[in-house]
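One structure is given below, encoded as structure tokens.
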Amino acid sequence: MQPESSCHVVAMPYPGHGHINPMMNLCKLVAGKSNSILITIVLTEEWLGLIGSTTKPDNIRFATIPNVIPSEHVRGSDPKGFVMAVWNKMEEPFERLLDELQLAPTLIIADVSVPWAADVATRRNIPLAALWPMSALLFSVIYHFDLIVEHGHFPVNLSVNGDDIIDYIPGLSPIRARDLPTIVRFKEESEYYLKFLLRVFDKAKCVVFTSIYEIESKAIEAMKAKASFSIYTIGPATTYFKVKDSHSSTISSNGDLNYMTWLNLQPPNSVLYISMGSYLSISTSQMEEIEAGLRGSGVRFLWVARGATMLRLQEICGEKGLVVPWCNQLSVLCHPSVGGFLSHCGWNSTKEAILAGVPMLTFPIMNDQVPNAKMIVEDWKFGWRVKREFEEENLTTREEIKQLVQRFMSLESRERKQLEEKAKEIQKVCEREFADGGSFQNNIDSFTKSIVQHYPH
Ligand SMILES: *[C@@H]1O[C@H](CO)[C@@H](O)[C@H](O)[C@H]1NC(C)=O
Ligand SMILES: *[C@@H]1O[C@H](CO)[C@@H](O)[C@H](O)[C@H]1NC(C)=O
Ligand SMILES: *[C@@H]1O[C@H](CO)[C@@H](O)[C@H](O)[C@H]1NC(C)=O
């Protein structure tokens, strides 16, 4: 306990990958700005085991709640069961924990995906701030869902209205219905989900976006004009500072890592880096096409894969490729030998590619990956689609993949040079965000200031 703390923030992240990191980053940034803020981050026992020993400032501490998620629902094997357990079973232990805190909380920061935090905050009369760890586009779509319903675009059925152009969401450039987040295709589920999210938006005093202001400024400004809460953008936050480190340390200090040693031996821009997130949603036959296409292309590649996929890949890849179960993605993307990124387009990976200035091949699988790919290809123009349409019955064939990868990696071609230019352009735009007086510092400063001013004891 820190007696001098004038504010006590309780942070409740969603207990999943892609959510914990952004919350940790946000808390570290805020804690670093003001000693008078004490932050308690609430983790499940499972997550405490994973990250409990990471270094953190003195004014951040961890508190735990039991693992409420039955092991048969662990993420991956039953994603829906996992979400339901988070939504239905975590509220009670969280409240018990609040009761036991010695210092009453003055603000709750909750991930938007733990919607019951809004109810707890209301019952206890504690102000709520929400963390939105995805794109501003996804936020806008959810926030303006009524418009989508009004225009008859809900639910989206690919064979009926998939090619309709959605051009009425404030701040968003025109987008085909099939490129919207896949939630718009599932009527019951999305209605349930939206009902939850809207409760958070109603209650929140402010929402913190982990988007990069400079690349989604129109969507963010349109939201600011309309929303009842204030909006702060903290971009990729600490990731950016790691990029800078990566540039200087890639070759020297990481030289002991196998894949870095291997990358050091490859010609500039010659390696395609491949990471497709979880493979669960890619059919085995599609995976086989991707593998055969890559092998046939003759392009060098570094592939992150686990389990059976990894073993199979190792057998087929020969000396042109390296397969690893894990790597420091940002360091890899920043390595001078890496010339492209084949990705499922998760938000984290999309931002890391932008920060590293690397052209992308997009293979979105579900959720926000689909609109992320649209932005990469159509708005920011530093990538091409591998999988042209989501959920098209037909596989993208090995021959198509082979040709596409060869074109994509032919460094002397005009179309390749254009991709590189666009990738560097958007990278530069993002650097402005971090310059003195850029939006990143301003946002984190004013968010911290608002916590100290508005939510003291
Ligand atoms: C992004 O994803 C990479 C690879 O999964 C991971 O190592 C990194 O910690 C993530 N970064 C953030 C900010 O979540
Ligand atoms: C989409 O529309 C087609 C054609 O009207 C219909 O056969 C199909 O069942 C619809 N799909 C869903 C998921 O509603
Ligand atoms: C999909 O596959 C079917 C059967 O192989 C073929 O007739 C059709 O032309 C294919 N469609 C596309 C868009 O390639």
Side-chain angles (χ1 to χ4, degrees), residues 14 16 18 72-73 75-88 112-113 115 134-135 137-169 172-199 201 276-290 343-347 350 362-379 385-397 400-401:
Y14 179 88
E72 66 267 28
H73 289 161
R75 222 173 149 68
S77 56
D78 178 13
K80 201 172 160 192
F82 181 87
V83 173
M84 287 304 141
V86 172
W87 284 3
N88 297 323
V112 172
S113 300
M134 281 166 282
S135 65
L137 178 150
L138 183 58
F139 191 96
S140 302
V141 167
I142 290 170
Y143 195 76
H144 294 105
F145 218 83
D146 52 340
L147 290 179
I148 297 176
V149 175
E150 232 169 72
H151 284 78
H153 287 126
F154 179 66
V156 167
N157 178 329
L158 296 189
S159 56
V160 179
N161 57 5
D163 289 326
D164 284 10
I165 304 291
I166 314 297
D167 57 3
Y168 45 77
I169 300 181
L172 297 196
S173 55
I175 179 170
R176 291 176 310 166
R178 65 170 68 245
D179 285 330
L180 288 173
T182 51
I183 185 176
V184 300
R185 302 181 196 173
F186 310 106
K187 197 156 191 299
E188 272 97 65
E189 279 169 42
S190 57
E191 277 169 351
Y192 186 63
Y193 187 60
L194 289 168
K195 207 175 65 200
F196 265 106
L197 291 188
L198 294 174
R199 287 218 311 269
F201 300 155
M276 306 282 288
S278 150
Y279 287 88
L280 291 167
S281 320
I282 305 183
S283 67
T284 315
S285 42
Q286 179 64 80
M287 271 308 287
E288 281 167 5
E289 294 303 308
I290 296 176
S343 170
H344 67 305
C345 305
W347 185 232
T350 301
T362 67
F363 199 103
I365 296 159
M366 57 187 174
N367 304 340
D368 65 323
Q369 298 160 9
V370 177
N372 292 347
K374 183 267 180 185
M375 289 193 281
I376 290 163
V377 173
E378 294 182 19
D379 299 348
R385 290 179 200 273
V386 176
K387 192 180 177 191
R388 277 181 298 271
E389 310 300 355
F390 180 81
E391 257 181 22
E392 197 174 65
E393 284 303 316
N394 296 12
L395 298 179
T396 310
T397 64
E400 288 173 307
I401 291 168

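Start at 1 with the first residue, then count along the sequence. One-based numbering, in listed order, for ligands and for the atoms of each. Heavy atoms only: backbone and side chains are in, while hydrogens, waters and symmetry mates are out.
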Short N-O contact, Asp379 and Lys374, less than 4.0 angstrom | yes

So, are Lys187 and Glu191 salt-bridged, with charged N and O less than 4.0 Å apart?
-> yes

Distance in Å, Ile169 CD1 paired with Ile142 CD1, rounded so as to fall on 0.5 Å steps = 10.5 Å

Once the angle between the rings of Phe154 and Phe145 is folded into 0 to 90°, is it parallel (under 30°), tilted (30 to 60°) or perpendicular (over 60°)?
-> perpendicular

Would you call the rings of Phe201 and Phe139 parallel, tilted or perpendicular, where under 30° means parallel and over 60° means perpendicular?
-> tilted

One line per pair, note the atom names and distance for all nitrogen or oxygen contacts under 3.5 Å between ligand 2 and the protein.
from	atom 1	to	atom 2	distance (Å)
ligand 2	2 (O)	Asn157	OD1	3.4
ligand 2	2 (O)	Asn157	ND2	2.4
ligand 2	11 (N)	Asn157	ND2	2.9

Please check if the distance between the ring centroids of Trp87 and Tyr193 is under 6.0 Å.
-> yes

